[in-house]
Amino acid sequence: PPPGPAVGRLLQRASSFSQAGPTESDPSEGQVFLSESCVKRLLELTEGSEFLRLQVEGGGCSGFQYKFSLDTVINPDDRQGQRGVVAGGGGWVFEQGGARVVVDVDSLAFVKGSMVDFSQELIRSSFQVVSNPQAEKGCSCGTSFSVKF
């Protein structure tokens with residue numbers, strides 16, 4: 001049976017304070033975490049089956065770049081995390097507080113252990129990957145990075 005409301009709130013609060021990174025019980029398990037501002041903005045933007053898709057592509061000024069888009073289709077190569085449920089044809093969806101982020105298997109290798117945040121500044125607002133343990137350095141705008149070897 002699912003946990004009661006009090007347990008759900010406690011788990012949600014505990015997850016917002018957890019450190020980004022794989023769990024000790026399974027260090028190979030890739031995990032992506034969502035900040036409170038990311039969850040809040042995704043709940044404002046998405047409807048029904050929509051979720052935020054995070055992809056890593058070659059390019060940008062540092063070698064790799066993050067790409068965000070809203071999507072409704074879970075592909076067979078998507079990896080879904082332990083905070084979600086198994087979907088037919090995909091892996092796990094990273095979910096927190098009703099907001100969902102999906103990452104394909106290839107991209108997950110570059111962002112596992114990261115936090116997805118929503119940043120709002122005077123001149124722009126955007127989703128960003130922060131605290132990426134796989135990145136060695138990034139550009140000043142936060143959209144591209146180089147990988148640790």
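Keep in mind it's a predicted model, so treat the numbers as computed, not measured.
- The environment of CD in E47 is sparse: at most 12 heavy-atom neighbours from other residues, nucleotides or ligands sit within 6.0 Å.
- The nearest pair of heavy atoms linking R41 to F127 is CG-CZ, 3.9 Å.
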Applying side chain to side chain contact (heavy atoms under 4.5 Å, CB included), run through V129 and F68 and close with a yes or a no.
CA-CA 10 Å; V129 174; F68 291 97; 3.8 Å; yes

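- Nearest heavy atoms, V116 versus C38: O-CB, 3.3 Å.
- Residues V103 and V111 are in side-chain contact: their nearest non-hydrogen atoms beyond the backbone lie under 4.5 Å apart.
- Qualifying side-chain contact (heavy atoms from CB on, under 4.5 Å) partners for E57, counting only residues two or more places apart in sequence or in other chains: Q65, K67.
- Taken from CG in L54 to OG in S69, the straight-line distance is 9.0 Å, to the nearest 0.5 Å.
- Shortest non-hydrogen contact noted between F110 and Q134 is O-CB, 3.4 Å.
- Each of V101 and V73 belongs to its own hydrophobic cluster when Ile, Leu, Val, Met, Phe, Trp and Tyr are linked at side-chain heavy-atom distances under 4.5 angstrom.
- Across Q55 and D104, no two heavy atoms sit closer than the pair CG-OD2, 3.7 Å.
- Separating the NZ atom in K40 from the OG atom in S35 is a distance of 11.5 Å, to the nearest 0.5 Å.
- How far NZ of K112 is from CG of N132: 11.0 Å, rounded to the nearest 0.5 Å.
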Stepwise side chain to side chain contact (heavy atoms under 4.5 Å, CB included) check, Y66 with Q128
CA-CA 8 Å; Y66 303 112; Q128 298 178 342; over 6 Å; no

Could you go step by step and tell me if L42 and F118 meet the side chain to side chain contact (heavy atoms under 4.5 Å, CB included) rule?
CA-CA 9 Å; L42 277 175; F118 180 76; over 6 Å; no

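- For the pair S131 and S114, the minimum side-chain heavy-atom distance is 4.5 Å or more.
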Test side chain to side chain contact (heavy atoms under 4.5 Å, CB included) on L70 and F51; report intermediate values, then the result.
CA-CA 6 Å; L70 291 179; F51 54 84; over 6 Å; no

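- A pairwise comparison of heavy atoms in S107 and V56 identifies OG-N, 2.9 Å as the closest pair.
- Residues R100 and E50 come closest through the heavy atom pair NH2-O, 3.6 Å.
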